[in-house]
Amino acid sequence: VSCSLQDMIRLHLKFSDGMEGFDRKFAAQLNDTHSAVAVAELMRLFMDENGMDWAPAWEITRNSFAFTNHTLLPEALECWPLPLFVRLLPRHMEIIYEINARFLAEVARRWPGDNARQQRMSLIEEGPEPQVRMAWLAIVGSFSVNGVAALHSKLLTEGLFKDFYELWPEKFNNKTNGVTPRRFLRLANPRLSELITTTIGDAWVRDLDQLERLEPFADDPDYRHRWREVKQLNKHRLASLVADRYGGVATIEFLAGEMVAHTGPELCVAALTNSTCAQSCALWEALRPYGNYSGLGNSIERFCIVADRV
């Protein structure tokens with residue numbers, strides 16, 4: 001954490017005389033609570049190493065971080081025992097105490113006399129064994145807080161982070177996990193993207209549910225042929241890339257053998273059902289030395305018939 005933040009500061013100071021504008025050049029995503037101590041560390045770097053006052057340092061810090069939460073379970077949120085934190089990171093603990101005091105003053109101004117709310121929202125969980133609530137630190141020190149699915153993000157604002165949502169509703173948003181169809185298809189697989197767009201139009205790029213319109217084409221011989229052709233061309237492109245980059249001659253049959261060697265026969269048995277007939281035969285031949293997989297078919301010929309129907 002510290003190494004990354006120090007490098008960001010180093011790069012910023014190469015082109016600037018001070019920290020002003022740092023948050024317009026850099027942003028750090030806190031992927032769950034594991035790196036939440038970065039909030040206190042950036043404050044330490046700004047104040048102790050670069051001579052900044054609290055107010056400008058905090059303004060830049062809280063505009064430099066965004067926080068992604070992955071769980072709805074309170075017990076899964078990372079908490080650090082206070083004695084451990086004090087012993088290992090005493091300066092960071094001082095900074096967290098100050099962040100907490102200023103934050104709770106803001107809460108008190110918004111909800112005067114609501115001591116229960118202040119206790120819930122405090123960065124320090126009181127009790128026989130006080131702990132630092134790292135998720136709370138991440139929320140207070142970030143300009144954006146998101147869940148990883150629409151329902152998950154909604155439940156965060158209604159439950160686990162409800163108090164914070166009521167204070168800063170503008171901070172909370174959703175970022176659905178996974179690769180977007182635009183990147184996965186439009187960029188990574190342009191041939192398949194073109195086939196889909198030619199078949200159902202381009203609305204699927206913005207609304208993935210539109211891909212349901214492909215279902216009627218599942219039994220269309222012409223569409224199935226073009227789909228298989230796209231897959232085959234992509235595999236030949238991969239074989240050409242391997243040959244160009246590493247020398248020699250690479251074919252899809254060669255790659256089938258390499259798949260068995262590097263991933264193991266069990267995974268390749270599953271891959272058989274996603275292959276063309278020729279590739280299935282190549283994989284099947286490559287699997288022979290590893291044992292009897294006759295459950296998939298009593299012969300290569302029989303399996304190729306099955307593969308052609310998949």
Side-chain angles (χ1 to χ4, degrees), residues 23-35 63-73 76-77 135 138-139 142-162 164-238 241 252 267 270-276 279 307-310:
D23 53 316
R24 294 194 295 273
K25 304 294 185 182
F26 295 95
Q29 190 73 29
L30 302 176
N31 190 25
D32 230 323
T33 54
H34 314 306
S35 55
N63 284 312
S64 297
F65 290 107
F67 171 46
T68 296
N69 169 270
H70 291 273
T71 181
L72 291 168
L73 301 175
L77 296 178
I139 294 172
S142 296
F143 66 85
S144 172
V145 179
N146 70 274
V148 293
L151 179 59
H152 173 232
S153 297
K154 180 174 182 288
L155 293 175
L156 284 177
T157 62
E158 294 176 349
L160 190 60
F161 297 159
K162 181 180 179 182
F164 293 94
Y165 177 70
E166 290 175 348
L167 179 62
W168 296 313
E170 71 282 356
K171 272 193 182 189
F172 289 82
N173 57 88
N174 175 62
K175 298 290 187 295
T176 300
N177 255 350
V179 180
T180 64
R182 179 172 59 254
R183 287 187 178 278
F184 185 71
L185 285 181
R186 293 293 291 273
L187 296 180
N189 202 336
R191 283 193 174 95
L192 183 56
S193 173
E194 182 180 0
L195 174 60
I196 294 172
T197 298
T198 301
T199 306
I200 63 171
D202 63 1
W204 64 270
V205 176
R206 295 171 297 279
D207 178 9
L208 200 59
D209 290 341
Q210 292 290 323
L211 291 181
E212 293 179 354
R213 295 171 56 200
L214 288 173
E215 289 183 5
F217 296 93
D219 296 320
D220 184 300
D222 180 60
Y223 183 79
R224 288 162 62 98
H225 171 75
R226 287 185 293 155
W227 183 279
R228 190 179 297 277
E229 189 175 50
V230 166
K231 293 176 66 176
Q232 189 79 350
L233 285 170
N234 283 339
K235 287 167 183 170
H236 280 295
R237 285 179 61 211
L238 174 60
L241 178 65
I252 54 176
L267 288 177
L272 282 165
T273 57
N274 291 315
S275 304
T276 64
Q279 289 146 10
D308 258 349
R309 292 175 180 171
V310 174

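Just so you know, residue 1 is the first one in the sequence shown, and it goes up from there. Heavy-atom basis, side chains included; hydrogens, waters and symmetry copies ignored. Note that the structure is predicted; figures quoted are calculated from it, not measured.
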Show your working on side-chain contact (heavy atoms from CB on, under 4.5 Å) between Phe172 and Leu156 and close with a plain yes or no.
CA-CA 9 Å; Phe172 289 82; Leu156 284 177; 5.6 Å; no
Taking it one step at a time, do Leu185 and Trp204 satisfy side-chain contact (heavy atoms from CB on, under 4.5 Å)?
CA-CA 11 Å; Leu185 285 181; Trp204 64 270; 3.4 Å; yes
For Glu158 and Leu155, what are the C-alpha separation, side-chain angles and deciding distance, and is it a side-chain contact (heavy atoms from CB on, under 4.5 Å)?
CA-CA 5 Å; Glu158 294 176 349; Leu155 293 175; 3.9 Å; yes
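Note that NE2 of His225 is 11.5 Å distant from CG of Asp220, once rounded to the nearest 0.5 Å. Separating the NE2 atom in His236 from the NZ atom in Lys231 is a distance of 13.0 Å, to the nearest 0.5 Å. Phe67 contributes atom CZ, which lies 6.0 Å from atom OG1 of Thr33 (distance to the nearest 0.5 angstrom). The line from OG1 of Thr157 to NE2 of His152 is 10.5 Å long, rounded to the nearest 0.5 Å.
With sequence neighbours left out, the side chain to side chain contact (heavy atoms under 4.5 Å, CB included) criterion links His70 to Asn31, Asp32, Thr68, Val148, Asn177. With sequence neighbours excluded, the residues that form a ring-ring contact (aromatic ring centres under 6.0 Å, His included) with Phe217 are Tyr223. Checked against side chain to side chain contact (heavy atoms under 4.5 Å, CB included), Asn234 has the following partners two or more places apart in sequence or in another chain: Asn189, Arg191, Val230, Arg237.
Among all heavy-atom pairs drawn from Arg213 and Ile200, the shortest one is NH1-O, 2.9 Å. Residue Asn146 comes nearest to Gln29 through the heavy atom pair OD1-NE2, 3.6 Å, listed as atom of the first residue, atom of the second, then distance. The nearest pair of heavy atoms linking Arg226 to Thr199 is NH2-OG1, 4.1 Å. Contact record, Asp23 with Ser64: CB-OG, 3.4 Å, taken as the closest heavy-atom pair. Annotation for Arg186 and Ser193: closest pair CD-OG, 3.0 Å, computed over non-hydrogen atoms.
By the 4.5 Å heavy-atom criterion applied to side chains, Leu160 and Thr71 are not counted as neighbours. With contacts defined as side-chain heavy-atom distances shorter than 4.5 Å, the pair Phe161/Asn69 qualifies. Contact annotation: the side chain of Ile196 never approaches that of Gln210 to less than 4.5 Å [non-hydrogen atoms, C-beta and beyond].
By the 6.0 Å contact criterion, OH on Tyr165 is open, its count of non-hydrogen atoms from other residues, nucleotides or ligands being 12 or less. Within a 6.0 Å sphere centred on CD of Glu229, other residues, nucleotides and ligands contribute more than 12 heavy atoms.
At distances below 3.5 Å, not a single donor-acceptor pair connects side-chain atoms of Ser142 with backbone N or O atoms of Ile139. Here the side chain of Asn173 pairs a donor or acceptor atom with the backbone of Lys171 at under 3.5 angstrom. Listed for the Asn174 side chain is a donor-acceptor partner under 3.5 Å among the backbone atoms of Ala149.
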